[in-house]
> 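Here's a structure for you.
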Amino acid sequence: MFRSSDEQLKVLCARAVQIETVDELRKKLDASRAANRPLRVKLGMDPTAPDIHLGHTVVLRKMREFQDLGHKAVLIIGDYTALIGDPSGKTKTRPMLSAEEIKRNAETYFQQAGKVLDTAPGKLEIRYNSEWLAPMRLADVIKLCSKMSVARMMERDTFEKRYKAGEPISIHEFLYPLMQGYDSVCIQSDVELGGTDQTFNNLVGRQLQADAGQQSQIVMIMPILPGLDGVHKMSKSLGNYIGVSEPPNEVFGKAMSISDELMWQWYAMLLGKTEVEITALKVGHPMEAKKALAAALVERLHDADAARAALEHFDKQFSKKKLDEVAEPLAVPAGKIGLIELVEKSGVFKSRSDIRRVIQEGGVQLDGQKITDPKAVIEPRVGQILRAGKRVVRKIELQS
RNA sequence: GGAGGGAUACCAAAGUGGCCAAAUGGGCCUGACUGUAAAUCAGGUGGCUAUGCCUUCGAAGGUUCAAAUCCUUCUCCCUCCA
């Protein structure tokens with residue numbers, strides 16, 4: 001049923017930045033084959049952020065590789081850990097989520113994760129960590145805390161940095177790694193996946209499992225995907241992300257806006273291209289390589305047809321400037337109308353002052369003619385193309 | 001419990017009575033250049049029925065012709081000592 005450990009290792013170790021430890025993983029794989037038992041591969045999910053983006057797919061794809069090799073994905077919904085919030089993020093305290101919100105977020109999450117994971121019942125197990133964390137008594141918590149020293153906890157880079165910078169660290173944040181580690185004990189995970197920011201948390205799981213007399217999980221750390229800006233990690237709060245549920249044209253357009261340097265990183269991290277393959281790509285025109293990347297991403301999140309359509313759309317809008325073929329309709333009443341009112345109907349600007357500014361800055365065109373007078377009054381005709389800023393392209397239609 | 005420091009726009013951070021819709025940096029937006037790149041350069045970045053008006057500097061009151069700035073009370077945060 002299972003392929004040889006060597007074959008599996010070759011697939012599984014690809015792209016990982018750290019594995020604790022490869023030897024142990026090999027042993028687990030050997031034992032799994034011998035007993036014909038799939039490994040339990042754990043991945044935690046934070047129910048406060050239901051939007052999955054490409055950054056998450058780096059880890060999710062690794063999970064998929066485990067599934068494809070016959071192993072079992074165990075998704076942990078951190079409904080209880082969400083009460084704390086992962087200290088690796090911002091220091092702001094999180095609002096408590098209601099049971100319904102968590103459920104809704106979790107559903108959204110699965111819907112999106114399903115674009116990457118195999119959701120067949122035998123391949124995927126879903127658990128809420130409130131199942132075992134909520135019933136704990138204070139005595140249980142104290143016992144759990146006794147497993148960890150402050151010095152050890154302070155090794156965690158975010159704690160160390162914050163402490164040195166004089167930023168507050170609440171005691172309850174120390175519980176986060178312990179709770180996450182305890183999850184591993186409760187579900188008896190064989191492997192835990194995570195991004196580099198999860199290294200510490202995942203390693204705690206190893207220790208707690210050993211304390212509990214279990215075989216320690218393998219910790220497999222995947223790289224963090226840089227966001228559209230090429231500087232910070234891809235994250236929702238920074239707004240530098242491509243969501244897995246975004247429409248094809250958005251995915252394509254955003255992918256095209258990244259720097260060339262970042263493009264190669266994405267090729268490696270998202271498409272699994274090797275250095276040799278990337279070197280070969282660098283021979284061609286960077287824009288063609290970027291279009292191929294963008295198309296591949298659209299195909300992955302949607303399908304091949306969508307990828308072709310997005311490429312065509314992009315060419316029309318930006319390369320060939322066939323704006324009338326890509327413009328979305330904009331219904332306006334017949335007769336004269338102020339330019340500001342006209343642009344306002346597109347519904348994408350936050351205020352009329354904002355529109356006024358864009359007009360003055362030369363960002364508004366009607367049929368290719370720049371109009372820079374915010375007081376301009378025009379009489380739009382059917383079929384005229386209105387452009388406002390880089391992204392708004394509308395074709396005028398008259399309201400009946 | 002004691003002492004001290006702090007809260008300013010999306011973020012960081014100046015500003016200690018009028019010249020403050022508030023310096024500067026980052027972010028973001030627009031334009032130029034391009035490959036819708038990136039980098040660079042230029043401009044912009046509270047709202048509005050707009051050369052003016054309205055709302056904003058933790059909250060509420062007060063002093064003043066005039067308050068982000070002074071006073072009072074309150075809320076929240078941080079550090080150190082115990």
Side-chain angles (χ1 to χ4, degrees), chain A residues 89-93 95 159 161-173 226-242 246-267 281-295 297-298 310-323 325-327 337-341 343-344 346-366 368-377 385-393:
Chain A
K90 300 255 161 90
T91 59
K92 304 211 167 91
T93 47
F159 286 143
K161 272 185 210 144
R162 281 164 62 187
Y163 189 72
K164 281 186 177 155
E167 284 168 15
I169 300 170
S170 295
I171 295 295
H172 76 282
E173 294 182 73
L228 296 170
D229 53 31
V231 178
H232 303 287
K233 70 171 184 176
M234 183 172 283
S235 87
K236 191 187 176 189
S237 55
L238 292 174
N240 61 354
Y241 69 101
I242 296 180
E246 291 192 61
N249 290 340
E250 282 291 308
V251 174
F252 199 99
K254 282 186 178 182
M256 288 305 289
S257 77
I258 65 174
S259 70
D260 289 354
E261 198 186 329
L262 179 61
M263 164 170 71
W264 307 122
Q265 289 185 58
W266 280 23
Y267 256 114
L281 280 166
K282 283 182 178 172
V283 174
H285 194 294
M287 188 174 68
E288 292 308 320
K290 204 174 287 176
K291 280 180 179 176
L293 171 69
L297 294 176
V298 174
L311 174 61
E312 198 175 322
H313 181 95
F314 180 86
D315 277 338
K316 280 181 183 166
Q317 180 162 3
F318 298 107
S319 304
K320 298 178 189 158
K321 305 272 185 201
K322 291 187 177 171
L323 293 181
E325 289 181 30
V326 294
I337 186 170
L339 186 58
I340 292 177
E341 283 74 30
V343 175
E344 192 177 23
S346 71
V348 301
F349 292 89
K350 68 182 168 87
S351 69
R352 293 165 65 86
S353 294
D354 194 27
I355 295 173
R356 189 181 300 268
R357 281 191 288 269
V358 172
I359 293 173
Q360 282 169 341
E361 288 164 351
V364 173
Q365 299 180 0
L366 192 63
Q369 292 282 332
K370 252 186 212 182
I371 305 176
T372 53
D373 177 13
K375 286 181 187 157
V377 174
I385 301 297
L386 174 73
R387 228 187 120 208
K390 282 178 178 155
R391 274 170 277 104
V392 180
V393 181

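All values derive from a computational prediction rather than experimental measurement. Proteins get letters first, then strands, A, B, ... in listed order; numbering begins at 1 in each.
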> Which nucleotide, in any strand shown, forms a Watson-Crick or G-U wobble pair with G58(B), with both distances under 3.5 Å?
C74(B)
> Quickly work out the Gln360(A) CD to C29(B) P distance and round it to whole Å.
19 Å
> Once you apply the 3.5 Å cut-off to both distances, tell me the Watson-Crick or G-U wobble partner of A13(B), or none.
none
> Mind calculating the distance between CD (Gln369(A)) and C1' (G31(B)) to the nearest angstrom?
17 Å
> Who does A68(B) pair with, Watson-Crick or G-U, both distances under 3.5 Å?
none
> If the P atom of U56(B) is compared with that of U51(B), how far apart are they to the nearest Å?
22 Å
> Given atom CG of Leu262(A) and atom C1' of A38(B), what is their separation to the nearest angstrom?
10 Å
> For Leu238(A) and C28(B), what is the distance between atoms CG and P respectively, to the nearest whole Å?
10 Å
> If the P atom of A13(B) is compared with that of U79(B), how far apart are they to the nearest Å?
15 Å
> Partners of Pro374(A) by side chain to side chain contact (heavy atoms under 4.5 Å, CB included), sequence neighbours excluded?
Ile340(A), Arg356(A), Ile359(A), Gln360(A)
> Using the C1' atom on both, measure G43(B) against C77(B) and round to a whole Å.
38 Å
> Return the 5'-most residue of the pair Asp260(A), Gly362(A) with respect to RNA chain B, ranking by each residue's nearest nucleotide.
Gly362(A)
> Gly253(A) near the nucleic acid: base, sugar-phosphate alone, or nothing, with a heavy-atom cut-off under 4.0 Å?
base
> Do Val343(A) and Val348(A) have side chains that approach each other closer than 4.5 Å (heavy atoms only, starting at C-beta)?
no
> Within the 4.5 Å heavy-atom criterion, are Phe314(A) and Met256(A) side-chain neighbours or not?
yes
> Please state how far atom CZ in Arg391(A) lies from atom P in C28(B), giving the value in whole angstrom units.
11 Å
> On RNA chain B, compare the nucleotides closest to Gly363(A) and Lys254(A); which residue's is nearer the 5' end?
Gly363(A)
> Between A59(B) and U8(B), how many Å separate the two P atoms, rounded to a whole number?
10 Å
> Which nucleotides of nucleotides 40-50 of chain B have their base under 4.0 Å from a protein heavy atom (B), which only their sugar-phosphate (S), and which neither (-), written as one string 5' to 3'?
---BSSSSBSB
> How far, in whole Å, is C74(B) from G25(B) if one measures between their C1' atoms?
34 Å
> What pairs with Lys322(A) under side chain to side chain contact (heavy atoms under 4.5 Å, CB included), at least two apart in sequence or on another chain?
Lys316(A), Lys320(A), Asp324(A), Glu325(A)
> With heavy-atom distances below 4.5 Å as the criterion, would you say the side chains of Lys282(A) and Tyr267(A) are in contact?
no
> Is there a Watson-Crick or G-U wobble partner for C19(B) with both distances under 3.5 Å, and which nucleotide is it?
none
> Determine the interatomic distance between C1' on G44(B) and the same-named atom on A21(B); round to the nearest Å.
14 Å
> Could you please name the partner base of A42(B), counting Watson-Crick and G-U wobble pairs only when both distances are under 3.5 Å?
U30(B)
> Answer yes or no: is there a donor N or O on one side and an acceptor on the other, between the side chain of Lys236(A) and the main chain of Tyr241(A), under 3.5 Å?
no
> When you check the phosphate oxygens OP1 and OP2 of A32(B), does a side-chain N or O of Lys370(A) lie under 4.0 Å from one of them?
yes
> Rounded off to whole Å, could you give me the NE2-to-C1' distance for the His285(A) and A38(B) pair?
13 Å
> Mind checking whether Leu323(A) and Gln317(A) have side chains closer than 4.5 Å, heavy atoms only?
yes
> Does C80(B) have a Watson-Crick or wobble mate here (both distances under 3.5 Å), and if so which one?
G2(B)
> Work out how far the C1' atom of G18(B) is from that of A67(B), and round it to whole angstrom.
10 Å
> Can you give me the closest heavy-atom contact between Asn240(A) and Lys233(A), atom names plus distance?
ND2-O, 3.2 Å
> Could you please name the partner base of C53(B), counting Watson-Crick and G-U wobble pairs only when both distances are under 3.5 Å?
G47(B)
> Is a donor-acceptor pair below 3.5 Å formed from side chain Asp229(A) to base G27(B), judging by atom type as modelled?
no
> In whole angstrom, give the distance that lies between atom CE of Met287(A) and atom C1' of U36(B).
10 Å
> Ile371(A) has an atom CD1; how far is it from atom C1' of G31(B), in whole Å?
16 Å
> Checking the side chain of Lys290(A) only, and the main-chain atoms of Ile258(A) only, is there a donor and an acceptor separated by less than 3.5 Å?
yes
> With rounding to whole Å, what would you report as the distance between U36(B) and A42(B) at their P atoms?
24 Å
